[in-house]
Structures are given as structure tokens and as C-alpha cells.
> 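Take a look at the following structure, please.
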Amino acid sequence: IERVLPAMTSTVDIKKADPLAPKIFRKDVCACQIQEWWPSFRPCTIKTAFIDLKEDFFEYLLQDGLVLPEGVEPVTASSGRVKSKDDYSDSDFSSSSESEQGSNPDEEQSDPNNPDDQEQATRPKFGELIDVISKAIEDLGGEVFPKLNWSAPKDATWINVGENLKCISVADVIILLKSSDFAVHDLCHAFDACADGPNESETTVSVENQRRPTKVVLALRKWFDMKTSMEFRCFVKDEFLVGISQRDCSSHYDFLLEWRSQIVSVMREFYLNTIRGRFPLKTFVFDAYIRQRDWKVFLIDFNPYGGFTQPLLFSWKELDELHESMRADDARPQGANSAD
Ligand code: ADP
């Protein structure tokens with residue numbers, strides 16, 4: 001209850017576009033889908049398996065309640081213990097298999113004519129998909145980080161016993177995705193902040209006034225332990241790397257100031273050698289991680305420059321001003337592209 005209550009009673013903080021954020025367009029949002037950019041950046045990003053999700057599974061993710069599909073039993077990522085129904089609120093979760101139901105003499109016998117009992121007994125069947133997810137987890141070393149086209153279910157970590165997004169089973173993946181408003185919201189409202197609107201397009205499907213992409217993927221990324229302090233968000237405008245912000249803005253990391261010039265230098269080199277010219281947009285945001293051991297940079301994600309993307313320690317106005325001054329410097333005979 002302690003874990004469930006705060007999350008259940010808090011108001012869901014669905015992303016809203018900052019009115020001062022730069023305009024973004026549908027092409028920006030489309031280019032930032034992980035299945036679009038990943039193949040071109042495979043050597044410098046995290047190993048990832050892609051699984052196409054069919055409409056019936058996506059509908060299942062959207063449904064209220066947490067009835068796990070047939071053959072999927074919850075095993076937690078961090079403790080290895082089997083999660084029991086008591087870990088969730090009663091109305092939220094139904095994991096017991098049909099054979100288990102009614103086996104406990106203390107439990108009320110189910111009534112086949114009662115619609116509630118019928119619902120309890122009906123678990124969706126996604127046999128082949130479950131096997132594919134299970135195999136992908138195994139192939140990726142047994143621990144994965146799940147996300148859909150754009151977003152990870154970061155708002156649902158509370159439901160995972162490890163309080164993170166590490167999944168070791170199909171059940172972990174499904175429970176996180178079904179408990180998240182972010183991952184699914186981002187799919188149903190991905191184009192809401194676009195200046196060219198959530199219009200009709202061959203790449204999207206309209207369901208109950210929501211416009212979502214026709215192709216929905218589950219990306220399972222190999223679990224990668226990252227130090228939050230070494231995650232950065234980099235802002236690129238018209239091919240100029242204009243700003244680098246620590247990604248975790250809730251903490252002050254003293255040592256980052258000391259390492260500032262080295263961070264700028266490795267990130268600039270990474271941008272120039274690995275990203276520039278390979279991503280289809282000239283203005284965008286990318287998230288990257290610096291492994292402290294060898295200062296190797298790993299690409300984590302791409303985001304549009306504006307819209308729902310958070311500018312973190314910058315304001316969009318500041319970033320635009322930095323861009324203007326870099327452009328002016330660059331126009332001078334010996335100008336340099338600098339992120340300092
Ligand atoms: P979103 O697009 O929803 O913000 P990201 O892919 O950017 O999702 O990841 C969000 C956070 O999750 C990252 O800042 C990082 O801390 C963590 N993360 C991302 N990928 C992995 C991974 N493969 N293993 C472990 N943690 C990860």
C-alpha cells in the first residue's frame with residue numbers, strides 16, 4: 001500500500017508542450033522514433049531488440065486494469081521473488097491462473113454467471129508475442145530496459161520492486177507498460193505539439209480522436225547501469241552543438257564543474273564524428289552517456305528540438321541566443337563552432 005498509494009492518488013502529470021518551446025513538425029517527431037534512428041547508430045548506442053506490436057496488444061495496453069496474458073506470471077527483476085497479488089491494489093491486478101483460482105478454500109468460489117468472475121477468468125492470449133519477448137530478454141543477457149517508439153514507462157517505476165525499469169521477465173515488461181501513462185500517452189499524442197498538426201497521414205492511424213503511428217514497436221534495450229551524473233542532454237541547432245546540460249537537474253554534482261572542459265570536449269567530438277550528418281535533421285536534441293572509466297560516449301536517445309522536450313538547465317530562449325552567437329562567430333573569418 002505504501003508503494004501503491006502515492007502513485008495511485010497523485011494527479012497524472014501528462015506531458016504538456018511549453019508555449020515558449022520552438023515549433024516542431026511531424027517529420028521531427030517521426031525521426032526521433034527509436035526504430036528509425038537506431039539502425040544508423042548501432043555501433044555507438046545500446047544493443048536493442050525491436051518487436052512489432054499488433055493492434056490487439058496495443059489495445060490491451062490501453063485497457064484499464066492489470067490482467068496478465070495467459071502464460072505470463074510475475075517474477076520481479078530485483079528480488080527474484082514471485083510478486084503476489086498483494087503487491088498491487090486489488091482492483092489493479094489479477095495474476096492468478098485459472099487453475100489457481102478457487103484452489104484456496106478460504107477464497108470465495110467463483111460464480112460463472114457473475115460477469116466480474118468471468119472477467120477474472122479471461123486472460124488475453126498473445127502466445128507468439130510472449131515467446132518473442134521472452135527470447136529477446138534472454139538474448140539481451142536476461143535484463144532489459146523497455147520502451148515504445150518514443151518513451152520509456154518512467155512514471156511506472158514504483159510498481160517494479162527494484163523501483164527502476166529493469167525487467168527480467170515478460171511480466172515485468174507488461175506490468176511496467178500497462179502501469180505507465182507516459183509510454184502510451186506519447187504514442188497516442190505524439191503529434192499533438194506539431195505545428196503541422198496531428199493531420200491525416202499514411203503513417204498514422206486515428207482511433208477515438210487520437211492519432212498514433214501505424215507502426216508501434218516495443219524496443220527492449222540491454223540493461224546498462226548508468227551513473228545519473230554522467231547523463232547529458234545535447235542541443236543541436238542548424239548543426240551547431242549549442243548546449244550541453246546534465247540530464248538529472250534535481251541534483252548538484254560538484255565534480256561536473258571540475259570536468260566541464262573534458263565533458264564539452266568529448267561530447268563535441270562525439271557529435272562531430274558520430275552524429276552530425278548521419279541524423280536526418282539539422283536541429284534536434286540527443287541524450288548521451290559518458291562512461292567515466294574510459295570517457296567513451298554512448299548515444300541514448302534523440303528528441304525533437306522543442307515541443308514536449310525539456311530544455312533542462314537551459315531555457316529555449318537561451319539556447320536560441322547561444323545559437324545566434326555561434327552563427328555570428330562562424331561567419332567571421334576564423335570562427336569556431338563552440339559549445340563552451
Ligand atoms: P525517454 O525517452 O522516455 O526519456 P530514455 O531512453 O531517454 O527514455 O531513458 C530514460 C532514462 O532511463 C535514461 O536517462 C537512463 O537513466 C535510463 N536508461 C535508458 N536506457 C537504459 C538502459 N538500456 N539500461 C538502463 N537504464 C537506461
Side-chain angles (χ1 to χ4, degrees), residues 12-17 24 28-38 41-51 61 77-78 136-137 139-158 160 162-168 172-173 176-177 179-190 193 213 216-235 244-251 253 256 267 275 279 284-292 296-313:
V12 174
D13 183 20
I14 293 292
K15 288 184 191 171
K16 287 197 186 74
I24 58 164
D28 303 317
V29 174
C30 287
C32 294
Q33 296 177 94
I34 187 167
Q35 74 272 23
E36 292 296 319
W37 61 258
W38 190 87
F41 295 94
R42 194 182 176 141
C44 64
T45 189
I46 302 166
K47 198 170 172 190
T48 304
F50 293 94
I51 298 163
L61 289 184
S78 52
I137 296 174
D139 291 349
L140 289 163
E143 295 179 344
V144 298
F145 171 95
K147 71 187 288 183
L148 300 181
N149 300 31
W150 290 280
S151 299
K154 288 173 301 196
D155 56 325
T157 48
W158 59 274
N160 215 5
E163 305 258 329
N164 58 20
L165 292 179
K166 187 189 281 184
C167 297
I168 62 163
D172 288 343
V173 173
L176 278 170
L177 290 176
S179 311
S180 165
D181 289 300
F182 277 13
V184 173
H185 169 272
D186 285 7
L187 272 170
C188 296
H189 298 274
V216 176
V217 301
L218 169 63
L220 295 178
R221 317 201 75 189
K222 192 177 171 65
W223 184 262
F224 186 59
D225 274 318
M226 290 186 239
K227 288 189 182 134
T228 317
S229 58
M230 295 305 274
E231 290 187 54
F232 299 93
R233 174 158 289 182
C234 305
F235 300 85
I244 301 170
S245 165
Q246 66 190 66
R247 191 152 176 205
D248 170 22
C249 297
S250 59
S251 310
Y253 301 103
L256 288 185
M267 213 51 108
I275 308 277
F279 189 60
F284 58 94
V285 171
F286 70 93
D287 295 324
Y289 177 70
I290 300 179
R291 187 168 63 189
Q292 208 182 318
K296 185 174 158 62
V297 183
F298 294 85
L299 174 65
I300 304 297
D301 198 15
F302 284 103
N303 300 286
Y305 185 100
F308 293 129
T309 305
Q310 296 292 320
L312 304 182
L313 291 180

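Values reported hereafter were calculated over all heavy atoms of this structure, with side chains retained and with hydrogens, waters and symmetry mates removed. Numbering of residues begins at 1 and proceeds along the displayed sequence. We count ligands from 1, going down the list as the structure has it; atoms in each ligand are counted the same way. Remember, it's a predicted structure, so these values are computed and weren't measured experimentally.
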> Classify the contact between Phe145 and ligand 1 as side chain, backbone, both or neither, using a heavy-atom distance cut-off of under 4.0 Å.
side chain

> Quick one: does Trp150 get within less than 4.0 Å of ligand 1, heavy atoms only?
yes

> Out of Arg42, Lys147, Arg221, Gln35, which one pairs with Thr48 under the side chain to side chain donor-acceptor pair (under 3.5 Å) rule?
Arg221

> What atoms of ligand 1 come closer than 4.0 angstrom to any heavy atom of Glu231?
13 (C), 14 (O), 15 (C), 16 (O)

> Phe50 vs Trp38 aromatic rings, parallel, tilted or perpendicular, using cut-offs 30° and 60°?
perpendicular

> Going by the order shown, which atoms of ligand 1 are within less than 4.0 Å of some heavy atom of Lys222?
22 (C), 23 (N), 24 (N)

> Decide yes or no for Leu148 and Leu177: does some side-chain heavy atom of the first lie under 4.5 Å from some side-chain heavy atom of the second?
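The answer is yes, as the side chains (C-beta and beyond) meet within the 4.5 Å cut-off.
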
> With heavy atoms of Ser151 as the reference, note each atom of ligand 1 found under 4.0 Å away.
3 (O)

> For the pair Gln33 (side chain) and Cys30 (backbone), establish whether a donor and an acceptor sit closer than 3.5 Å, ignoring hydrogens and angles.
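Pair found, side chain donor or acceptor close to backbone of Cys30.
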
> Between Glu143, Lys47, Lys154, Arg221, flag the one that comes closest to atom 4 (O) of ligand 1 by a heavy atom.
Lys154

> Any N/O of Asp225 closer than 3.5 Å to an N/O of ligand 1?
no

> Taking only heavy atoms of Ile46, which atoms of ligand 1 are found under 4.0 Å from at least one of them?
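Contacts of ligand 1 toward Ile46, numbered from 1: 23 (N).
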
> Does Lys222 count as lying over the ring of Phe224, i.e. NZ or CZ under 6.0 Å from the six-ring centre, within 45 degrees of the axis?
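Not satisfied by the 6.0 Å and 45° rule.
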
> If I apply the N/O under 3.5 Å rule, does Ala152 come out as touching ligand 1?
yes

> Tell me which part of Lys166 gets within contact of ligand 1: side chain, backbone, both or neither, using heavy atoms under 4.0 Å.
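Neither; no heavy atom under 4.0 Å.
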
> Over 60° means perpendicular and under 30° means parallel, so tell me whether Phe302 and Phe279 are parallel, tilted or perpendicular.
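If you compare the ring of Phe302 with that of Phe279, the planes turn out parallel.
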
> Would you say ligand 1 has an N or O under 3.5 Å from any N or O of Lys147?
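Between Lys147 and ligand 1 (N or O atoms, distance only) the closest approach is under 3.5 Å.
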
> Check whether the side chains of Asp248 and Ser251 place a donor and an acceptor atom closer than 3.5 Å, and report yes or no.
yes

> Would you kindly say whether Thr157 and Asn164 are connected by a side-chain donor-acceptor distance under 3.5 Å?
no

